[in-house]
2 protein chains.
Amino acid sequence: MTATQPSHGRILRPTAKVLPEHARGHNRSLVLQTLYRQGPQSRADVSRETGLTRVTISDLVAGLMQDGFVIELGQREAARPGKPATMIDIDRAAFQIIGVDLSDQHMRAALLDLDGTVLERENADRAGRTGDDALAAVVGLIEGLVLRATAPLLGIGVGSPGIVDADGTVLTAPNLAWTLLPLQAMLRERFDIPVLVANDADVAVLAEHSFGRASGDVMLVKVGAGVGAGLILGGRPFYGSHSAAGEIGHVVIGTDGGPACACGKIGCLEAWLSVPRLTEQLAATTGTEAEQAAARELILREAGRRLGIILAPVVGALNLSEIVLSGPTELLDGPLATATIETLRKRTMAEFTGDLALRMTSLAQDDIVLRGAAVMVLSGQLGVS
Amino acid sequence: MTATQPSHGRILRPTAKVLPEHARGHNRSLVLQTLYRQGPQSRADVSRETGLTRVTISDLVAGLMQDGFVIELGQREAARPGKPATMIDIDRAAFQIIGVDLSDQHMRAALLDLDGTVLERENADRAGRTGDDALAAVVGLIEGLVLRATAPLLGIGVGSPGIVDADGTVLTAPNLAWTLLPLQAMLRERFDIPVLVANDADVAVLAEHSFGRASGDVMLVKVGAGVGAGLILGGRPFYGSHSAAGEIGHVVIGTDGGPACACGKIGCLEAWLSVPRLTEQLAATTGTEAEQAAARELILREAGRRLGIILAPVVGALNLSEIVLSGPTELLDGPLATATIETLRKRTMAEFTGDLALRMTSLAQDDIVLRGAAVMVLSGQLGVS
DNA sequence: TTTGTTAGTAAAGCTTACGAACAAACAATG
DNA sequence: CATTGTTTGTTCGTAAGCTTTACTAACAAA
């Protein structure tokens, strides 16, 4: 009588037909994912891990070896009863990825291997360039890395500030003076390999989720020239109906006014928390050394409190268990973070958020977007993340 | 070279093996879904709609007819060239569903058909009953409806207040004095048909999404004895990592204090907005008729403003385009809703939320949880919603 | 040497969906 | 009225994908 028992979650919402070949693609990614996360192992190990039979795994692995994604490493060394296992692994040197970080005045690009390790770097100061000039600079960065690549390129991942839609079109990026710029399509056209463009905070949270201590639901708050957030909900990136999820920089905090914001409103998050604003405030402290230190702590604590106030409803609504801060450690990791988590605890239900954790990103600050861009390519091309 | 192109979204995250039979189940649900949403049509119509071939559709439909879910209605009446089409449809009278709403002092249950139409009702006042007494009352309600069912029951859906986990265990429901009550398992044991239990607001948003004007991302704010919310993100219900998503009732609003809440904090959403609190405040107005009316409007406007303040960060973070209010129309639909949307617009980026809509539920207030419970059963058993 | 275990492969079978072809039934057209 | 073209739904054969069963190879332990 019962027709279908959805396996994940309570609700299955079919939208498109599913063919056996789609199942094949899924299982193929499943094998890659298993190897990617757990490293070298035998076909039989993969079989046990995935639940697919050894026969099917052998078949899938044969295809993956043919395509150059998987290699045999020789026999397992440890002596065990039975036939010795042939170890296999993703060929982590077979492909390389180019990651680009445009979130800052200092544009960064890097060549990475499949593990997300940075192999080569190519940087450039934006030096005020915008529009087509900025675009040309991006292309130049990538060109430099394409020449230095020592393996076929799996693709290019780009983390851009501003709002980026699902097709990789930058809808609006004020800092770069980009509007409706189809960056993904243009780079794809120019370099003729797969390209994925997304918002920088969305890209950063991918890196945190893949390389950092992962969890099902994460919100990463990226503090820089502006303030944005990236969300992973239920293990999947969440972009929102108009690709603008995480755009909390211009939400007003509290009911007691605050600093004026460039957007015209009073008391936006960015007006409290952006790096320029914070450094400016910190620099303006006067008095003795001790007085200045105290004043600085107050400033940071207040900024942290403001962040907590704005995050509290989000934490409550999403039942978040993990919030990650990304940005200058000297500003964020200290009184600011402490005040944020204190405020969050005070303003939400302790029963639900008792295990709420707020922490700095576990990745190198300068590389988080680069590595996230690599994850984006890995996910898009191999189904691995 | 490229292994897999995920069809939905940018990231595919394989977690479990997928067999051809799972594809079959998905396609089976797809056929049911197509019939459910678009009504009677021919096999060829379903084929065109789904992209599956006529052969496959015929095969799937044969199975669905065998299981009693689909019936043939005879030939299409409209004269068209070609062989006349045999119309098919979900047999909307073949099964019935029991929906239960425990969110209120007045416990409601109903027998519904597959369209979500209420056929029979069974109500009971909780009359202060809690714990096992309340549970017995629930069982009694359902028993009454089981006897009056005129078709096989597809399942029982229950919307309960409090936190309900993915297995339908009520982790905590203060009003009912339930803690760690495995309601779903117990009812399943008692009635031996599929049972699904979820939080009342989560259930309500399902109804709104299926029967109301649907959209990809919806947040439904349910105002009653408490205040809770249900979320549908990317077309799928979102429950959060600890099943407590939407629990915004005890998040503190603003930075200027507010009324004391039963939870011990100051200025919780519930302290501003719950029905008991609002009615109490409204009743306390004094003076002439005109003065009272003005005072009441002020009270409602302020409550609406508070709701807007707490929703603004959520709207920004999730890029929500639709917020639905559910609760007493005389309280919510007027100055309160107006103030909420005004506040939201003022506190978020107009560019992103320009199309933000706040509206009252389009469904009958008393039936929203009942019908949502039916949707939950439809989704769980047939993959339809 | 025997026994038991493990890895990987081969063959056969089942499920699922597809394409090609066809008959039935009808409208439109000359 | 016969012909032509269209649409529907089915039958038949095929391809893809996974499973079960059975097998060989290779090893450890007794």
Side-chain angles (χ1 to χ4, degrees), chain A residues 3-4 7 14 16-31 34-35 40-66 70-89, chain B residues 3-4 7 14 16-31 34-35 40-67 70-89 383:
Chain A
T4 306
S7 48
K17 64 174 174 178
V18 171
L19 305 184
E21 69 199 75
H22 297 137
R24 179 74 164 186
H26 182 100
N27 289 337
R28 198 178 137 104
S29 290
L30 182 57
V31 170
T34 303
L35 290 173
Q41 55 198 298
S42 71
R43 292 171 174 84
D45 291 333
V46 177
S47 166
R48 278 183 290 264
E49 183 70 23
T50 60
L52 292 161
T53 61
R54 292 200 305 272
V55 178
T56 302
I57 295 300
S58 282
D59 196 33
L60 286 166
V61 166
L64 289 169
M65 288 177 62
Q66 191 126 37
V70 169
I71 48 171
E72 289 190 339
L73 300 176
Q75 295 196 341
R76 171 177 275 143
E77 294 183 3
R80 301 197 305 185
K83 176 178 170 179
T86 310
M87 304 299 279
I88 57 174
D89 191 14
Chain B
T4 306
S7 49
K17 63 174 173 179
V18 171
L19 305 184
E21 68 199 76
H22 298 136
R24 178 75 162 187
H26 182 100
N27 290 336
R28 199 178 135 105
S29 289
L30 183 57
V31 170
T34 304
L35 290 172
Q41 55 198 298
S42 71
R43 291 172 175 83
D45 291 332
V46 177
S47 165
R48 277 183 291 264
E49 182 69 24
T50 59
L52 294 160
T53 62
R54 292 202 302 272
V55 179
T56 303
I57 295 300
S58 283
D59 196 35
L60 287 167
V61 167
L64 290 169
M65 288 177 62
Q66 192 125 37
D67 293 347
V70 169
I71 47 170
E72 289 190 339
L73 301 176
Q75 295 196 341
R76 170 177 274 144
E77 294 182 4
R80 301 196 307 184
K83 175 178 172 179
T86 309
M87 304 298 278
I88 57 173
D89 191 15

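Chain naming here is simple, since letters A, B, ... match the order of the sequence lines and numbering starts at 1 in each. All values reported here derive from a predicted model rather than from experimental measurement.
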TODO: Using atom CG of B:L60 as one end and atom C1' of C:dA17 as the other, report the distance to the nearest whole Å.
DONE: 9 Å
Open item on the list: I need the CZ-P distance between A:R28 and D:dC18, as an integer number of Å.
Closed with: 12 Å
Open item on the list: Which residue in the set B:L64, B:I57, B:L35 passes side chain to side chain contact (heavy atoms under 4.5 Å, CB included) when paired with B:I88?
Closed with: B:L35
TODO: For A:L30 and D:dC18, give me the distance from atom CG to atom P, rounded to whole Å.
DONE: 11 Å
Task: Those residues that, when tested against B:D59, pass side-chain contact (heavy atoms from CB on, under 4.5 Å) (two or more places apart) - done: B:R24
Task: Separation of D:dA16 P from A:R24 CZ (nearest whole Å) - done: 11 Å
Open item on the list: Going by side chain to side chain contact (heavy atoms under 4.5 Å, CB included), A:R43 matches just one of A:R48, A:E72, A:M87. Which one?
Closed with: A:E72
Task: A:N27 side-chain N/O to D:dC18 phosphate OP1/OP2 under 4.0 Å - done: yes
Task: Approximate separation, where rounding is to 0.5 Å, of A:S29 OG and A:L60 CG - done: 10.0 Å
Task: Between D:dT7 (C1') and B:Q75 (CD): distance, integer Å - done: 12 Å
Open item on the list: Can you tell me if A:K17 touches the phosphate of C:dC18, counting only side-chain N or O atoms and a distance under 4.0 Å to OP1 or OP2?
Closed with: yes
Task: Rounded distance (Å) that lies between atom P of C:dT16 and atom NE2 of A:H22 - done: 17 Å
Open item on the list: Can you measure A:E21 atom CD to C:dT16 atom C1' for me and round it to whole angstrom units?
Closed with: 12 Å
Listed pairs, N/O of protein and of nucleotides 9-13 of chain D, under 3.5 Å:
from, atom 1, to, atom 2, distance (Å)
D:dG9, OP1, B:T86, N, 2.5
D:dG9, OP1, B:T86, O, 3.1
D:dG9, OP2, B:R43, N, 3.4
D:dG9, OP2, B:A44, N, 3.1
D:dG9, O4', B:K83, NZ, 3.3
D:dG9, N7, B:R54, NE, 2.7
D:dG9, N7, B:R54, NH2, 3.1
D:dG9, O6, B:R54, NH2, 2.8
D:dT10, OP2, B:S58, OG, 2.6

Task: Contact under 4.0 Å: B:T53 side-chain N or O vs C:dA17 OP1/OP2 - done: no
Task: Backbone N/O of A:L52 and side chain of A:S47: donor-acceptor pair under 3.5 Å - done: yes
Task: Side-chain donor/acceptor of B:D89 to backbone N/O of B:I71, under 3.5 Å - done: no
